[in-house]
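First the structure, in the form of structure tokens, and then the observations on it.
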2 protein chains.
Amino acid sequence: MTRKTPNPGVVKMGDGGPDDRFQRLLEAFPEPLRDRLTAELKRVAMAEGTVLVEDGDTPSQIGYVLSGLLGMTKHLPDGRRHIIGLLAPTDMYGRFHEQQFSHRIEALAPSEVLTCPRDLFETLLREAPAAERLFLIDMLDELDAAREWLLVLGGPKVVQRVASFLLVLSRRKLRARGRDAAAHDQPLNLRLDIRRADLAQYLGARAESLSRAFHELAEAGAIRINDPYDFDVTDLEGLAYFAGHDLAADSDYPGPGDRDP
Amino acid sequence: MTRKTPNPGVVKMGDGGPDDRFQRLLEAFPEPLRDRLTAELKRVAMAEGTVLVEDGDTPSQIGYVLSGLLGMTKHLPDGRRHIIGLLAPTDMYGRFHEQQFSHRIEALAPSEVLTCPRDLFETLLREAPAAERLFLIDMLDELDAAREWLLVLGGPKVVQRVASFLLVLSRRKLRARGRDAAAHDQPLNLRLDIRRADLAQYLGARAESLSRAFHELAEAGAIRINDPYDFDVTDLEGLAYFAGHDLAADSDYPGPGDRDP
DNA sequence: CGCGTCATTGACCGCAGTCAAAATAAGTGG
DNA sequence: CCACTTATTTTGACTGCGGTCAATGACGCG
């Protein structure tokens with residue numbers, strides 16, 4: 001470990017609030033099963049850079065992110081790395097029925113995960129159809145989420161992608177906080193705990209471009225930059241504007257002409 | 001219907017060969033259940049542009065693509081459309097347990113689908129755990145596939161994305177054809193049946209840029225363009241080269257310096 | 001205090017988005 | 001069957017975003 005720890009301690013890009021999916025899943029298990037499961041849960045802490053699962057592995061454990069930030073990464077033969085997904089608190093990862101991973105999972109920040117033996121989890125799922133159904137729905141949700149990201153990353157301009165990214169994080173936080181309208185107007189604090197270079201890979205850009213994008217958003221008054229890892233979202237609407245419209249299109253639509261009439 | 005039909009009749013971006021997932025799924029059902037299911041299957045043909053599922057719907061049918069090409073599309077409030085996924089033959093679509101769709105599904109080319117009542121399918125899945133497990137694995141595979149696309153679409157250059165796209169299609173076709181090595185050397189024919197403008201939206205580019213990219217690949221000898229909808233892949237290796245490396249990086253790495261030592 | 005890491009800023013330039021127009025193909029009506 | 005219209009792809013010229021390279025600044029650490 002050579003790298004500094006941006007924000008030591010607990011990190012949140014989403015926190016185990018009412019939206020805690022694992023909690024919901026646990027509650028779908030009938031009492032005796034749930035106890036068998038919780039007895040086997042282990043809390044593991046790890047440093048940034050730790051590789052939890054290697055590409056091609058079929059690990060015997062499944063995991064649930066408690067704190068920090070994990071990344072799903074693909075490594076090309078020539079050595080370049082791509083980040084194809086992020087795992088924040090309340091996210092799960094794992095494979096079932098001897099499927100193997102098609103990517104690496106590594107800690108992008110110091111993190112904590114809850115692990116559980118894969119075979120036990122599978123057995124219990126089979127014994128509790130209600131839980132299995134809930135789990136399947138979760139999977140489908142994640143599939144949708146992955147496709148949402150396609151939309152985000154499909155945006156041609158970097159500012160757009162950055163704004164979309166911050167927007168997703170904001171919404172996630174707001175949802176976790178509960179839906180009380182009061183919270184909507186006060187500045188929303190986001191602590192990222194991901195290095196510029198990593199975020200750049202994820203958003204399909206360079207660290208330099210991200211820097212420009214963040215500062216552009218700051219100058220427009222949509223966010224405030226406290227330090228490279230800590231932001232306040234001061235104008236959610238404005239952020240949505242940057243996310244949706246091209247910058248070039250100020251009062252005019254960028255291209256209304258590419259849909260069928 | 002005002003638009004021409006690029007290639008009337010059967011279309012294949014993948015054909016129901018040994019990789020036919022639906023077939024495999026069907027076979028996982030025990031005899032009596034399978035018959036109940038097949039009795040309810042309906043074959044439906046539709047014209048290009050048909051909307052099968054509207055964003056937000058919870059349709060009573062699930063579908064399986066027999067021929068043609070469907071697209072998952074998202075519509076932004078300002079009217080712009082994004083294609084976030086393609087459904088080719090052997091692909092399935094549907095929601096379960098009252099989940100609603102988060103995108104529209106429409107035919108990008110004249111297509112045929114096999115439909116099946118959602119509730120029946122769900123019931124049968126519950127009665128046949130083996131099939132349910134198979135189905136769950138399929139879902140997870142699709143999740144991985146969606147992330148693969150993230151990698152493809154993350155490529156900075158258009159040629160890269162186009163090459164990756166063709167590569168995925170090629171591999172899919174080869175897999176369907178069986179793994180005999182003989183087929184690897186002979187030119188592989190790809191019939192796309194997707195208009196440039198649609199493909200452009202999917203790959204996050206403009207139709208003009210695609211045109212340039214295709215012809216760049218053709219000049220490099222990787223593909224041959226028979227007509228705008230019909231290609232021969234003459235050099236799979238070369239295609240992989242374009243997909244992986246930046247063009248700029250000929251004999252030199254573009255940026256080996258952004259991984260930890 | 002010097003060094004390494006990382007974010008930021010500036011200068012340069014290439015890829016691709018944009019606008020415009022030509023070329024090709026398909027469809028229509030005489 | 002041909003002239004005309006329409007839809008779509010292709011090509012060209014221009015411009016701007018962002019990738020690239022290089023330098024500076026900020027911060028933590030040995």
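Since the structure is predicted, the reported quantities are computational estimates derived from the model, not experimental observations. Convention: sequence-line order gives letters A, B, ...; per-chain numbering from 1.
Scored by the side chain to side chain donor-acceptor pair (under 3.5 Å) test, T115(A) finds Q61(A) as partners (sequence neighbours excluded). Scanning for side chain to side chain donor-acceptor pair (under 3.5 Å) contacts around D235(A) gives an empty result, with sequence neighbours left out. By the ring-ring contact (aromatic ring centres under 6.0 Å, His included) test, F214(B) pairs with F231(B), sequence neighbours left out. Here D141(A) pairs with Q99(B) under the side chain to side chain donor-acceptor pair (under 3.5 Å) rule; sequence neighbours left out. Contacts of D57(B) classified as side chain to side chain donor-acceptor pair (under 3.5 Å), with partners at least two apart in sequence or in another chain: none.
For R196(B) and dT10(D), the shortest distance from a side-chain N or O to OP1 or OP2 is below 4.0 Å. Between Y229(A) and the phosphate of dA7(C), there is a side-chain N or O to OP1/OP2 separation shorter than 4.0 Å. Under 4.0 angstrom from either OP1 or OP2 of dT18(C) there lies at least one side-chain N or O belonging to R206(B). S209(B) has no side-chain polar atom (N or O) that falls below the 4.0 Å cut-off from OP1 or OP2 of dA16(C). Phosphate contact (OP1/OP2 of dT9(C), side-chain N/O of H215(A), threshold under 4.0 Å): present.
Here the closest non-hydrogen pair linking R161(B) and V152(B) is CG-O, 3.5 Å.
Checked by distance alone, E208(A) brings no side-chain donor or acceptor within 3.5 Å of a matching partner on the base of dC6(C).
The rotation axes computed at either terminus of the helix from dC1(C)-dG30(D) to dG30(C)-dC1(D) lie 30° apart, taking five pairs at each end and rounding to 10 degrees.
When heavy atoms are screened at a 4.0 angstrom cut-off, A205(A) is found touching the sugar-phosphate backbone but no base atom.
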